[in-house]
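Heads up, the thing below is written out as structure tokens.
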Amino acid sequence: MGRLEVVGLTRRYGEVVALDNVRFAVAEEEILAVLGPSGSGKSTLLRLIAGLEAPDAGRILLDGQDLAGVPPHRRRIGLMFQEFALFPHRNVFENIAFGLRMQKRPEAEIRERVQALLEQVGLPGFERREIHTLSGGEKQRVALARSLAPRPRVLLLDEPLGSLDRVLREQLVLEIRALLKSEGVTALYVTHDHSEAMAVADRVLLLRQGQVEQIGPPQALYRDPATPFVARFLDLGTLLEGRVVAGGEGVAVETPAGILRGQPRGALRTGDRAWVLVRHTPRPTGEGSKNRLVGWVERVSFRGLYVEVWARVGNARLRFVFPPTVPEVHPGMTWSLEVATADVLVWPAA
Ligand code: ADP
């Protein structure tokens with residue numbers, strides 16, 4: 001149980017089209033991360049699925065049942081929204097038990113379920129603790145246990161880790177994924193942080209101005225971003241504008257960094273304007289077809305796990321990210337770098 005289908009979903013606020021004919025499906029027990037810039041419609045999408053608002057057009061189906069007219073509390077959809085804080089005057093046990101009490105489950109079952117969930121979120125023995133005595137991370141674990149307790153068919157999470165620091169988020173996001181999988185719950189996980197989305201999700205949905213820009217497994221979005229917008233949002237490389245000088249398979253584009261050859265993503269003819277992505281992390285080129293970029297190093301930033309290098313090539317500034325083990329580069333040095341044509345993607349400019 002828990003197959004969700006969204007068909008032609010549209011929601012307007014006055015002149016603003018917050019969701020525009022959105023269509024996708026989430027399989028049973030799948031975790032879908034919903035990603036997009038601020039204002040792209042992520043929260044609106046969750047509110048419609050939860051039933052807190054009605055769409056202007058389109059349908060939401062859960063296990064084949066149309067949810068139109070089904071009130072929120074009858075949808076068996078769980079919420080973990082940032083603004084849905086824990087009840088401050090109830091202890092941990094009563095917070096987690098809340099949904100089960102609403103369902104009028106027997107006391108013994110409630111105890112067993114709350115205890116099992118506390119074990120699962122790593123807080124055994126926390127039953128009697130008051131909410132104000134918990135750390136930020138512990139509160140989020142309790143909130144997660146509370147939303148899972150009544151066994152929702154779908155769980156909606158809206159920036160559940162938004163208020164926590166990065167180290168804690170990176171740890172908790174993996175715990176959340178493990179827990180959702182062991183509970184077998186279908187989930188939509190809204191975030192604006194792409195690294196968090198990739199870590200939690202089976203697939204990622206990227207929204208742009210209320211429309212689906214791309215949906216697919218994290219690796220697929222990285223390997224094959226559908227549009228320059230996806231590439232920019234996921235920070236996959238440097239984007240350059242240029243003009244096609246040779247079309248076809250080995251498309252060549254004149255850019256501020258010189259003529260670059262790459263993989264065409266769409267129909268490109270000589271003279272067309274184009275967007276060119278040069279990946280931040282070019283692979284070793286070996287025998288394959290490649291571009292030679294010659295310029296000088298403008299800036300180097302050592303980040304521990306990686307090194308960022310900004311290079312001036314022609315009139316362009318390109319950013320690269322290397323493992324920290326690459327040979328020394330320093331600002332001011334002349335630099336020559338080979339970038340495989342496979343690491344350069346070219347789209348027609350809209
Ligand atoms: P996100 O969650 O991706 O930041 P939202 O779903 O909150 O985006 O908003 C999508 C668009 O709809 C934005 O332009 C926002 O200003 C607008 N919007 C959302 N809720 C309302 C509302 N209640 N009244 C008017 N406009 C709204």
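Index from 1, following the sequence. Both counts, for ligands and for their atoms, begin at 1 and track the order of listing.
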Greater than 12 external heavy atoms within 6.0 Å of Glu170's CD: yes
Any residue meeting side-chain contact (heavy atoms from CB on, under 4.5 Å) with Pro37, in chain and number order, not counting sequence neighbours: Ser40, Phe229, Phe233
Contacts of type side-chain contact (heavy atoms from CB on, under 4.5 Å), residue Ala178, not counting sequence neighbours: none
Least distance between heavy atoms, Asp193 atom then Arg169 atom: OD2-NH2, 3.0 Å
Ring pair (Phe, Tyr, Trp, His ring centres under 6.0 Å) partners of residues 175-215, not counting sequence neighbours, each pair once: none
Residue contacts for ligand 1, heavy atom to ligand atom, distance under 4.0 Å: Tyr13, Val16, Ala18, Pro37, Ser38, Gly39, Ser40, Gly41, Lys42, Ser43, Thr44, Arg47
Gln211 backbone acceptor or donor facing Asp20 side chain under 3.5 Å: no
